[in-house]
There are 2 protein chains.
Amino acid sequence: MSRPSSFSKLDHHPAYRVVSEKIRSAITSGELVAGDLLPTETELAEQFGVTRSTLREAIRLLEHGGLIGRADRKRLVVTLPQTEQIGRSVSSAMLMHKVTFRELWEVAMGLEPLAARLACANASSDEKSQLRSLWQRTCSAAEGGADHHQLLLECELEFHHRVAQATHNHALLQARAPLNDLFYPAWGAVIRALSPGARIVVAHRHVLEAIEHNQPEQAGLWMEKHMQDFRRGVELAELGFEQPVSG
Amino acid sequence: MSRPSSFSKLDHHPAYRVVSEKIRSAITSGELVAGDLLPTETELAEQFGVTRSTLREAIRLLEHGGLIGRADRKRLVVTLPQTEQIGRSVSSAMLMHKVTFRELWEVAMGLEPLAARLACANASSDEKSQLRSLWQRTCSAAEGGADHHQLLLECELEFHHRVAQATHNHALLQARAPLNDLFYPAWGAVIRALSPGARIVVAHRHVLEAIEHNQPEQAGLWMEKHMQDFRRGVELAELGFEQPVSG
DNA sequence: ATTGACATATTGTCGGACAATGCGTCAATA
DNA sequence: TATTGACGCATTGTCCGACAATATGTCAAT
């Protein structure tokens, strides 16, 4: 065993993984683009020289990544991975790694103000008006008290998501997608404990107006304050800043 | 059709997806933890009341997400999703969305200086010394000229990865994991075009020393300069800052 | 203690089968 | 003419049974 073996451990990949990899590379190499229809399962199975069962396992492997899906419940189609779909698997990974409130907050402090700044330059007027109408909904949710906690939570999360969307930066969208999933339970706990509707509304308004008037610095600063509020909220609610975010 | 139908579109999920979801929820809910061994396929199939083929498709669905794997080529085992595995699917998603150099750079400007700052407080002495020895390897790679471009590229990427690891922030690691994959071709092109070894070495040294001396501001500033260098590199190499990063 | 032979269990792969369902065609009808 | 209904066809989702390859355990032989 201690003898320096010059043989590399030969790795025998199962067929379903090989097939999956072939299809994946065909997609990522641009040979197949989103929207392209794939042949039927039987036909694909023939092309690869495997049985339909094996091919289907390969399909499942890609399906989870959002690379392919069903067009009309029949034909397979190459699809663009959706940020939310990918983000969910990332966030579940974060949950399993027991990411703490602090870790989540630190990353959010890096990404959310950045998103706010970038949104100033890139938000379309349509996105701006949608943000404003969302803010008005947030107002009414904040007034409702405990009855509207769930609604307020959803407004809070949607606000950040829409700001990120307004950047039109897909890398940013993908990077912060999992944060939204983690903030769901996190903000939820804070809201239930403190009813911080008023503070949320104020912060959102300043960010919104900064975006409307194309003031990146202001947008970033107020988003930062908003995240500081979140941190204070976690501490005041005595959730334990160093505790893992519970799914 | 225009009549307001009060019926919700009933969604019939195929069995393999239901089974997959059952297992996933058992894992994310903590009922099953990483390291747990699952029964054999036949046994699982019996428990869920499906055939082995169907069950295997469900398994594939989870396998891609890194939630389960094979222990010893036989028994199934619950595994902690690895950042790199997840990151790769995210980065391939970014590639398909034609993320530009600018978008990549903007996110990196948010995350990399943050990582440098956080690494100051959290890096173990072991990680610090590993960073230093990596820097020395970078030096020799930088001297080699065109022959060592590949080596230099790998050093550059590994440096950023290790800095991120030194933060001990798993959320940050997951969020920036896909960036590494995208920086591979991006830095590669810059290095081949400009041979910026010297500048890389200088920037890394400053970041490294700032981390060693626990100076977060310095670490963040130099990491920022480093990313500015990357941007200049893309422009000087005439790669097109607004062009998509090619996989 | 190492080696070899053998039975056992489990996975990877195969081939075939069938029900459910969506789609196209085409005739019948108002 | 436009809608409806009947019918056949294609494809997926699911099932069943089978077998080779391989890892594991046991036991005897050296």
Side-chain angles (χ1 to χ4, degrees), chain A residues 1-3 5 7-24 26-27 32 35-79 85, chain B residues 1-3 5 7-24 27 32 35-79:
Chain A
M1 282 306 180
S2 61
R3 181 164 33 136
S5 162
F7 298 115
S8 60
K9 194 189 298 175
L10 52 83
D11 43 1
H12 185 244
H13 293 264
Y16 63 83
R17 212 174 294 177
V18 177
V19 171
S20 155
E21 210 49 45
K22 284 241 182 191
I23 300 180
R24 149 166 284 125
I27 294 178
L32 291 173
D36 283 2
L37 290 178
L38 273 68
T40 64
E41 294 183 351
T42 30
E43 200 167 335
L44 273 177
E46 284 177 6
Q47 289 188 22
F48 286 111
V50 298
T51 38
R52 208 157 71 90
S53 318
T54 306
L55 180 113
R56 280 173 66 86
E57 294 190 30
I59 297 293
R60 298 298 157 253
L61 230 33
L62 298 177
E63 177 178 329
H64 183 264
L67 279 174
I68 63 180
R70 295 281 168 197
D72 47 6
R73 206 175 193 94
K74 287 207 162 189
R75 298 272 280 289
L76 289 166
V77 64
V78 181
T79 61
Q85 165 140 15
Chain B
M1 280 307 180
S2 60
R3 183 165 30 139
S5 162
F7 297 116
S8 60
K9 195 188 298 174
L10 51 85
D11 43 2
H12 180 252
H13 293 271
Y16 63 84
R17 212 174 294 176
V18 177
V19 171
S20 154
E21 211 49 46
K22 283 241 183 190
I23 300 180
R24 147 166 285 121
I27 294 178
L32 291 173
D36 283 2
L37 290 178
L38 274 68
T40 64
E41 294 183 351
T42 31
E43 198 166 338
L44 273 176
E46 283 177 6
Q47 289 189 21
F48 285 110
V50 298
T51 36
R52 206 156 72 89
S53 320
T54 306
L55 181 115
R56 281 173 66 85
E57 294 189 32
I59 297 293
R60 298 301 156 249
L61 232 33
L62 299 177
E63 176 179 329
H64 182 265
L67 279 175
I68 64 179
R70 296 276 168 203
D72 47 6
R73 208 175 192 91
K74 285 206 161 190
R75 298 271 281 288
L76 289 165
V77 64
V78 181
T79 61

*Asks:* Rounding to a whole Å, what distance do you find between Arg56(A):CZ and dT12(D):P?
*Replies:* 8 Å
*Asks:* Taking for each residue the nucleotide of DNA chain C bearing the nearest heavy atom, is the 5' side occupied by Thr42(B) or by Ser53(B)?
*Replies:* Thr42(B)
*Asks:* Where is the tightest heavy-atom contact between Thr79(B) and Gly66(B), given as atom of each residue plus distance?
*Replies:* OG1-O, 2.8 Å
*Asks:* Atom CD of Glu43(A) and atom C1' of dA10(D): how far apart are they, to the nearest Å?
*Replies:*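 Rounded to the whole Å, the gap is 12 Å.
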*Asks:* Please state how far atom CD in Glu57(B) lies from atom C1' in dC15(D), giving the value in whole angstrom units.
*Replies:* 12 Å
*Asks:* To the nearest Å, how far apart are Ile59(A) CD1 and dT14(D) C1'?
*Replies:* 17 Å
*Asks:* Please state how far atom CD in Glu46(B) lies from atom P in dC16(D), giving the value in whole angstrom units.
*Replies:*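 Nearest whole value for this atom pair: 11 Å.
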*Asks:* Taking only Lys NZ, Arg NE, NH1 and NH2, and the carboxylate oxygens of Asp or Glu, determine whether Glu57(A) and Arg52(B) approach each other closer than 4.0 Å.
*Replies:*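 A salt bridge is absent here (no side-chain N lies under 4.0 Å from a carboxylate O).
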*Asks:* Quick one: how far along DNA chain C does chain B reach, first to last nucleotide 5' to 3', anything under 4.0 Å to a heavy atom?
*Replies:* dA9(C) to dT13(C)
*Asks:* Using a cut-off of less than 4.0 Å, is there contact between a side-chain N or O of Thr54(B) and OP1 or OP2 of dC15(D)?
*Replies:*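 Checking dC15(D) against Thr54(B), a side-chain N or O does come within under 4.0 Å of OP1 or OP2.
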*Asks:* Give Thr51(A) one of three labels, base, sugar-phosphate or nothing, depending on what nucleic acid heavy atoms sit under 4.0 Å from its own.
*Replies:* base
*Asks:* Nearest 0.5 Å please: distance from the CZ atom of Arg56(A) over to the OG atom of Ser53(B).
*Replies:*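 Atom-to-atom, Arg56(A):CZ and Ser53(B):OG are 9.0 Å apart.
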*Asks:* So what does Arg75(B) hit on the nucleic acid, given a heavy-atom distance under 4.0 Å: a base, only sugar-phosphate, or nothing?
*Replies:* nothing
*Asks:* Tell me, yes or no, whether the heavy-atom count around Arg75(B) atom CZ, taken from other residues, nucleotides or ligands under 6.0 Å, exceeds 12.
*Replies:* no
*Asks:* What heavy-atom pair brings Val77(B) and Gly35(B) nearest, and what distance separates the two atoms?
*Replies:* CG2-O, 3.5 Å
*Asks:* Write down the distance between CG (Leu44(A)) and P (dG13(D)), rounded to a whole number of angstrom.
*Replies:* 13 Å
*Asks:* Would one find a side-chain N or O of Arg60(A) under 4.0 angstrom from OP1 or OP2 of dG13(D)?
*Replies:* yes
*Asks:* Does dC15(D) have OP1 or OP2 sitting under 4.0 Å from an N or O in the side chain of Arg52(B)?
*Replies:* no
*Asks:* Can you name the nearest heavy-atom pair linking Tyr16(B) to Leu61(B), along with the distance?
*Replies:* CD1-CD2, 3.9 Å
